[in-house]
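Here's the structure, in structure tokens; my notes come after.
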Number of protein chains: 2
Amino acid sequence: MRILLIEDDPVLGMAVRDQILADGHGADWVTRLADAADAVHAAAFDLILLDLMLPDGRGSDFLRKLRSAGNATPVMVLTARDQISDRIAALDVGADDYLVKPFDLFELSARIRAVGRRYAGNPNPLVTLGDIEVDLAARSVRRAGQTIALTAREWALFDAFVQRPHQLMSKPQLEERLYSFDAEVESNTIEVYVGRLRKKLGADVIETVRGMGYRLGTPGGGA
Amino acid sequence: MRILLIEDDPVLGMAVRDQILADGHGADWVTRLADAADAVHAAAFDLILLDLMLPDGRGSDFLRKLRSAGNATPVMVLTARDQISDRIAALDVGADDYLVKPFDLFELSARIRAVGRRYAGNPNPLVTLGDIEVDLAARSVRRAGQTIALTAREWALFDAFVQRPHQLMSKPQLEERLYSFDAEVESNTIEVYVGRLRKKLGADVIETVRGMGYRLGTPGGGA
DNA sequence: GCCAAGCTGACAACCAGCTGAACGCAGCGG
DNA sequence: CCGCTGCGTTCAGCTGGTTGTCAGCTTGGC
């Protein structure tokens, strides 16, 4: 997906942009509405992330113009908790979703995926890995028809693999994904959770690359 | 669709009525609650647009009486920006949606269409979950042939689950659904209401996913 | 054979979620 | 006018699942 980020805060903007890129999407980041208008005019986006308070105007006004110009690109609004009236205005004018700051980057990923699904017109999003079925919306996993319950951490780890199929991920990378920036894990947590996932889903779900990290395996694909 | 407009401001009322007619719906316009009661008594509407400040009473009172009389017609509340407490009251008593004045007639059309879509898709809106039957239009739930009465909040929560079957919903998500945007809830309201729903509908209606949120279960189990 | 990297079973602390009860409030009937 | 009732909300205590950690063991590379 190609995503336009309209956000003037440099710290947040960079974090969000990095997360988008890490999820494998394309990211264009602008800090002013004028630039945003140019970008929208120049290229087609699959999703727009829109901050409501910007140096050169209000996001809701931008959205209104966008909509009345016939542009139906999904828009997700980023808003502080106290910008209630603005947020209502944005929804009224046609925002599709919103995120309240401060938000988890993990949450952001999930919502972006949701929009992607809606955009792709796929009502029942089932990811299939061999004989494993993953329902990202329900956060449930089935193997050979059997539903398997995952805990929050287990799911977070598994999700990291499913999002980037067959991509090699180092342990530090995974730690960052599981724990927010200030990750202070001085133990073998990742190894433990990889082990727990293998026990629940089967040993072939995750492949070890000695010295480098882990990678999605080919479950049931042994045949 | 046949729409009842309850609005005492002559300018706004006329504009809204014209917009409704222009959209190809039928419009009945009254300016007082007494007339509204007569109209509701005389005919069935597909949607009611309800101003909250009226010369002969408060719109929320009208809505309460409507609901307790068993009338489940979708109601969209028209409210000024500063009538927040009234708006909460309206949602408490069973409003389906609201519009903040001043609003675009364009927005109005869009929202009316949304209400239409919500119920139009299924002419017989009976959702079945195992041995539970949900009538979205009538706001009633039956389990094993037994009709179960839900309070406003209980219904709002249950509705959130039924609208997105088997999708995992975090507690913040559900809170926003129950309380609109304002009104910080700094307690375990969701947990309490999940508990009450389980007590009324059965423990298997809602599934807890620790650390992540809740999900519709599979009532009746085996099937 | 040796060493490093990875695996696993166990475990105590923690915390998310459940529950019963209490309180305030508003509507309603007497 | 007043008490009753039902609903919504909050709170505190409890419980059990989840989690991070560690120690010892296994595996793979050289």
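Quick note on labels: first sequence line is chain A, next is B, and so on, each numbered from 1.
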- Please give, in whole Å, the distance from C:dC18 C1' to B:E207 CD? 16 Å
- Message: So, OP1 or OP2 of C:dC18: does either fall under 4.0 Å of a side-chain N or O from B:Y214?
- Response: yes
- Message: I'd like to know if A:R196 reaches the base of D:dG20 with its side chain such that a donor and an acceptor end up less than 3.5 angstrom apart.
- Response: yes
- Minimum-distance nucleotide (side-chain atoms of A:T208 versus C:dC7, D:dT19, C:dC18): C:dC7
- Task: Provide, to the nearest angstrom, the distance between the CG atom belonging to A:L157 and the C1' atom belonging to D:dG20.
- Result: 14 Å
- Message: Can you measure B:I206 atom CD1 to C:dT19 atom C1' for me and round it to whole angstrom units?
- Response: 16 Å
- Task: Looking only at side-chain atoms of A:Y179, point me to the closest of D:dG20, C:dC7, C:dG9.
- Result: D:dG20
- Starting at CH2 of B:W155 and ending at P of D:dG8, how long is that distance when rounded to a whole Å? 14 Å
- Query: According to a strict under-4.0 Å criterion, is B:Y193 in side-chain N/O contact with OP1 or OP2 of D:dC7?
  - Reply: no
- Nearest to the side chain of A:N188 - D:dA23, C:dC18, C:dG9? D:dA23
- Message: Between P on C:dC18 and CG on B:L197, what's the gap in Å once rounded to a whole number?
- Response: 12 Å
- State whether B:D131 and B:R143 are salt-bridged, where the test is any N-O pair (Lys NZ or Arg NE/NH1/NH2 against Asp/Glu carboxylate O) under 4.0 Å. yes
- Candidate list B:L150, B:L197, B:V162, test side chain to side chain contact (heavy atoms under 4.5 Å, CB included), partner B:L157, passing option: B:L197
- Looking at B:T189, does any N or O in its side chain come under 4.0 Å of the phosphate oxygens OP1/OP2 on D:dT10? yes
- Task: Between A:R210 and B:E154, name the one whose nearest nucleotide on DNA chain D is closer to the 5' end.
- Result: B:E154
- Task: Considering just the side-chain nitrogens and oxygens of B:K199, establish if one lies under 4.0 Å of OP1 or OP2 belonging to C:dG20.
- Result: yes
- Task: Round to the nearest Å and state the distance from A:M212 atom CE to D:dG28 atom P.
- Result: 18 Å
- Task: Side-chain contact test, heavy atoms from C-beta onward, threshold under 4.5 Å: evaluate it for A:I20 versus A:L49 and give yes or no.
- Result: yes
- Message: My understanding is that only one of B:H166, B:M169, B:E207 makes a side chain to side chain contact (heavy atoms under 4.5 Å, CB included) with B:L216; could you say which?
- Response: B:H166
- Message: Between A:D159 and A:R139, does any NZ, NE, NH1 or NH2 come within less than 4.0 Å of an OD or OE carboxylate oxygen?
- Response: no
- Just checking B:V192: base, sugar-phosphate only, or nothing, at a heavy-atom cut-off of under 4.0 Å? base
- Item | Phosphate contact (C:dG27 OP1 or OP2) by B:K65 side-chain N/O below 4.0 Å | no
- Item | Side chain of A:E191 - closest among D:dG20, C:dG6, D:dC11 | C:dG6
- Of the nucleotides D:dT21, D:dT19, D:dC7, which has the atom closest to the B:T151 side chain? D:dC7
- Message: Measure CG/A:L178 against P/D:dT18 and give the value in whole Å, please.
- Response: 16 Å
- Query: Can you check whether A:M14's main-chain N or O pairs, donor with acceptor, with A:W29's side chain at less than 3.5 Å?
  - Reply: no
- Rounded off to whole Å, could you give me the CD-to-C1' distance for the A:E175 and D:dT19 pair? 15 Å
- Message: I want to confirm an ordering. Mapping B:G213 and B:D61 to their closest nucleotides on DNA chain C, which one lands closer to the 5' end?
- Response: B:G213
